[in-house]
There are 2 protein chains.
Amino acid sequence: MATIYDVSQLAGVSLATVSRVMNKNTNVSEKTKQKVLAAMAELGYRPNTFAQSLASNCSNSVGVLVSQLDGPYYGPMMAEIEAALRADNRHVIIAVGHSDAAQEIDSVEFLLSKGCDALILDVEAISDEYLIKLSQSSTPIVLINRYIAEISDCCIYLNNELGGYLATRHLIELGHRDIAYISGPAKKHDAIERLEGHKRALAEVGVSFDPALCFEGDYKEDSGVDGMNYLLSLDKKFTAVVCANDQMVSGAISVCLERGMKIPQDLSFVGYDNIPFARYVSPKLTTVNNPIHEMGKMAALWLLKNLYNKDIAVENVFEPELVVRNSAISI
Amino acid sequence: MATIYDVSQLAGVSLATVSRVMNKNTNVSEKTKQKVLAAMAELGYRPNTFAQSLASNCSNSVGVLVSQLDGPYYGPMMAEIEAALRADNRHVIIAVGHSDAAQEIDSVEFLLSKGCDALILDVEAISDEYLIKLSQSSTPIVLINRYIAEISDCCIYLNNELGGYLATRHLIELGHRDIAYISGPAKKHDAIERLEGHKRALAEVGVSFDPALCFEGDYKEDSGVDGMNYLLSLDKKFTAVVCANDQMVSGAISVCLERGMKIPQDLSFVGYDNIPFARYVSPKLTTVNNPIHEMGKMAALWLLKNLYNKDIAVENVFEPELVVRNSAISI
DNA sequence: CTGTTAGCGCTTTCAT
DNA sequence: ATGAAAGCGCTAACAG
């Protein structure tokens with residue numbers, strides 16, 4: 001592998017000059033620059049990133065920590081982050097936290113030990129305190145799907161409460177009053193907020209929230225199955241159910257169909273996230289759009305702006321929107 | 001940030017000794033080792049990976065190149081790769097090739113320029129020649145979802161032809177003879193092989209393959225929609241359709257349901273890949289299992305064995321299996 | 001505009 | 001078993 005030294009010899013200049021043309025330093029005459037470029041091409045020169053990182057103390061890499069890689073949720077986000085960073089010749093190192101505090105912290109340490117210039121974190125279990133302290137270290141972080149007042153500037157998040165509100169209000173407008181709810185894990189921020197929105201919509205029309213009609217799932221399809229079986233076993237009337245994410249809706253609907261029920265005729269459903277599959281299942285899901293890919297992109301842009309000094313406008317909070325399809329009809 | 005020098009001073013030993021304990025070199029007395037370890041802990045020492053990589057010419061990183069990040073397909077694979085490598089303290093750098101030759105090559109160069117120790121590639125558009133030449137360079141590669149005779153040792157792949165055969169034979173056993181087919185892109189190896197298997201199953205019972213009943217899709221849901229609309233517009237009889245992947249089945253089925261057809265009563269479907277959603281859509285999909293996550297894991301193990309000298313048994317070819325659910329019934 | 005030189009933090013002979 | 005010292009390839013003052 002050719003080194004910067006080989007290039008300098010071939011071009012008949014010094015190491016420093018070669019380094020200057022690589023780093024687009026303007027203080028190089030056009031003529032010298034061309035000589036160097038030619039020499040690089042001839043040798044098939046490729047800079048050694050480790051030497052660069054060691055000398056410059058900048059790795060051009062950003063670590064991305066997500067809860068899981070195998071669901072339908074993080075793919076679009078990762079895709080946007082990769083694309084935005086790649087366009088600027090930075091690379092992304094991935095790590096998975098599995099929604100567990102110990103593993104999340106371990107992953108953060110891991111990414112830090114790999115010399116990332118910055119971290120994009122989608123973490124649920126790590127405490128606010130830890131993150132606040134982390135944000136004060138020399139490695140910048142940006143938080144996706146989480147809002148912490150003390151470090152709000154680096155938080156990119158969705159107005160989850162509003163989404164929960166929109167989902168339930170849609171059903172209310174369709175005439176529903178007895179609405180069941182399958183929520184996400186009670187310890188996750190977004191799950192709590194979505195449920196809050198649901199309650200607000202209910203309260204707005206004077207319907208009291210019935211805890212018995214609320215099942216705590218874990219955002220996976222199977223817990224939608226469990227939740228639906230639970231609700232159906234109840235001796236309670238309900239004409240609609242909102243689920244805190246689309247994966248749980250699909251699980252819930254599959255239970256109903258298996259029991260011979262007609263959806264949405266017998267029961268209306270509203271989901272959350274608008275994952276790609278939502279438009280291909282039957283019935284097509286009425287759901288709340290979660291612009292997770294846009295938030296991923298924004299996180300990358302945030303870094304380009306704050307870490308690599310690009311001139312970019314960033315916004316921190318995203319608004320969810322109701323996507324009306326066929327899983328919910330008027331009573 | 002503390003350096004190895006600081007540690008050596010605190011422990012009262014030389015740089016070399018500190019380096020030895022970090023690298024688990026045995027030639028260090030237990031006593032000295034403990035002193036060093038204590039010094040490291042006290043300083044919160046974390047080795048600088050760039051200096052390590054520069055000096056040792058080993059980065060402990062592997063590049064993973066996939067076609068896309070936002071489908072349901074690669075997530076499970078990435079998850080396994082990340083987990084296996086992470087367990088051995090290596091990290092993964094991701095890049096996306098978008099199924100385009102130029103972009104795939106660009107991504108390979110990108111990963112190489114980032115100093116990866118090895119590459120795991122799931123590429124479709126890059127030529128065999130390029131890959132063969134690449135495999136002869138100093139950076140080891142392992143190919144997922146692709147078989148190239150000349151470098152078969154580093155290929156981890158599925159017996160796609162058999163999968164295609166199993167899908168169609170299942171329908172034949174159910175009594176179907178008029179079977180339509182929605183294939184993947186004609187230029188992709190796996191799409192071709194799956195179609196071959198379909199043809200073999202047909203030939204086995206003396207049914208001739210009708211090109212008019214075969215639509216070329218692109219593996220995305222929308223092309224399943226297009227394919228179904230095309231087939232339905234034909235003035236041909238068919239009682240079943242096999243799709244080259246589950247995403248296209250879901251698109252195809254959504255068209256039928258929208259037209260008021262009953263699935264599987266009016267038309268049977270068999271898919272391919274067994275993506276997570278296959279068991280939650282209605283009807284639950286009869287499909288061919290594609291152990292993509294196992295192949296991802298195997299690719300990672302292959303590297304651990306061949307690059308990092310772990311003692312692991314690897315297998316190169318995986319066999320698909322039919323998963324019978326509810327989307328196909330006897331005629 | 002260009003060259004010289006001192007590191008960046010660690011690994012790895014080679015001595016002892 | 002331990003230490004001294006020569007790089008690994010590049011960046012960034014500094015000097016001219």
Side-chain angles (χ1 to χ4, degrees), chain A residues 1-40 43-61 89 112-117 138-139 308-309, chain B residues 1-40 43-61 89 112-117 138-139 308-309:
Chain A
M1 199 77 250
T3 73
I4 199 176
Y5 177 79
D6 302 321
V7 175
S8 72
Q9 293 300 298
L10 215 187
V13 298
S14 72
L15 290 181
T17 300
V18 177
S19 178
R20 284 191 187 97
V21 350
M22 286 188 3
N23 296 293
K24 309 192 190 317
N25 187 313
T26 48
N27 294 331
V28 185
S29 73
E30 186 59 28
K31 197 174 145 198
T32 326
K33 184 176 166 184
Q34 292 309 325
K35 267 195 307 189
V36 172
L37 256 19
M40 284 178 167
L43 293 171
Y45 171 72
R46 189 184 284 154
N48 179 314
T49 55
F50 305 121
Q52 286 180 316
S53 296
L54 181 58
S56 68
N57 198 33
C58 168
S59 70
N60 288 319
S61 72
N89 204 36
L112 251 20
S113 81
K114 294 304 179 183
C116 296
D117 287 343
S138 58
T139 307
Y308 302 120
N309 305 311
Chain B
M1 199 78 249
T3 73
I4 196 175
Y5 177 79
D6 302 323
V7 176
S8 72
Q9 293 300 300
L10 216 186
V13 298
S14 72
L15 291 180
T17 300
V18 177
S19 178
R20 285 192 187 94
V21 349
M22 284 186 10
N23 297 292
K24 310 193 188 314
N25 187 313
T26 47
N27 293 330
V28 184
S29 74
E30 185 59 28
K31 196 174 145 201
T32 324
K33 184 174 164 184
Q34 293 308 327
K35 266 194 309 188
V36 173
L37 257 18
M40 285 179 167
L43 293 171
Y45 172 71
R46 188 185 283 157
N48 179 314
T49 55
F50 305 121
Q52 285 180 315
S53 297
L54 181 59
S56 68
N57 198 34
C58 168
S59 70
N60 288 320
S61 73
N89 204 35
L112 251 19
S113 80
K114 294 303 179 184
C116 296
D117 287 344
S138 58
T139 306
Y308 302 121
N309 305 313

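Protein chains get the first letters and strands the later ones, always in sequence-line order, with residue 1 at the start of each. As the structure is a prediction and not an experimental result, all values here were calculated from the model.
Taking atom CE on A:Met22 and atom C1' on D:dC10, their separation rounds to 7 Å, with Å as the unit. Atom OH of A:Tyr5 and atom P of C:dT5 are 13 Å apart (whole Å). Spacing between atom CZ of A:Arg20 and atom C1' of D:dC10 amounts to 13 Å, rounded to whole angstrom units. In this structure, B:Asn48 atom CG and D:dC10 atom C1' are separated by 14 Å, rounded to whole Å. Distance CD1 (A:Ile4) to P (C:dC8): 18 Å, rounded to an integer number of Å. Between A:Met1 atom CE and D:dC10 atom C1' there is a gap of 14 Å when expressed in whole angstrom units. B:Asn57 places its CG atom 17 Å from the C1' atom of D:dA6, with the value rounded to the nearest Å. Rounded to an integer number of Å, the gap from CG of B:Asp6 to P of C:dC8 is 11 Å.
Distance CZ/B:Phe50 to CG/A:Asn57: 8.5 Å, rounded to 0.5 Å. Expressed to the nearest 0.5 Å, how far NZ of B:Lys114 lies from OG of A:Ser61 amounts to 8.0 Å. Between the CD atom in A:Gln52 and the CG atom in A:Asn60 there is a gap of 7.5 Å [rounded to 0.5 Å]. In this structure, A:Thr3 OG1 and A:Tyr45 OH are separated by 7.0 Å, a value rounded to the nearest 0.5 Å. For the atom pair OG1 (A:Thr49) and CG (A:Asn89), the distance works out to 10.0 Å, reported to the nearest 0.5 Å. Between the CG atom of A:Asp6 and the CE atom of A:Met40 there is a distance of 11.5 Å, given to the nearest 0.5 Å.
Taking only side-chain nitrogens and oxygens, B:Ser56 never comes nearer than 4.0 Å to OP1 or OP2 of D:dC8. Dashed line: the shortest gap from a side-chain N or O of A:Tyr45 to OP1 or OP2 of D:dC10 is under 4.0 Å. In this structure, A:Gln52 does not reach the D:dG9 phosphate: none of its side-chain N or O atoms is under 4.0 Å from OP1 or OP2. For the OP1/OP2 pair of D:dG3 and a distance below 4.0 Å, the side-chain nitrogens and oxygens of B:Thr17 include at least one atom meeting the criterion.
Backbone-only engagement by A:Asn23 is indicated by non-hydrogen atom pairs under 4.0 Å involving sugar-phosphate atoms exclusively. Residue B:Thr32 is classed as a sugar-phosphate contact, given heavy-atom separations below 4.0 Å to backbone atoms only. The residue B:Ser19 sits close to a base: some heavy atom pair falls under 4.0 Å. Residue contacts shown for B:Asn27 include a base, since a base heavy atom lies under 4.0 Å away.
Side chain of A:Leu54, nearest nucleotide from C:dC10, D:dG9, C:dT2: D:dG9. Between C:dT13, C:dG3, D:dG9, one nucleotide has an atom nearer to the side chain of A:Ser14 than all others, and that is C:dG3. Nearest to the side-chain atoms of B:Ala16 among the listed nucleotides C:dC1, D:dA4, C:dC10 stands D:dA4.
Using modelled atom types, no side-chain atom of B:Ser8 and backbone atom of B:Val18 make a donor-acceptor pair closer than 3.5 Å.
With hydrogens and angles ignored, no donor-acceptor pair closer than 3.5 Å exists between the side chain of B:Arg46 and the base of C:dG9.
Helical stems involving DNA chain D, defined as 3 or more consecutive Watson-Crick or G-U pairs under 3.5 Å, span C:1-16 with D:1-16.
Each of B:Val13 and B:Ala51 has a nearest nucleotide on DNA chain D; the 5'-most of these lies closest to B:Val13. Comparing A:Leu15 and A:Glu30 by the nucleotide of DNA chain C whose heavy atom lies nearest to each, the residue mapping closer to the 5' end is A:Glu30.
Closest heavy-atom contact between A:Cys58 and A:Asp117: SG-OD2, 3.4 Å.
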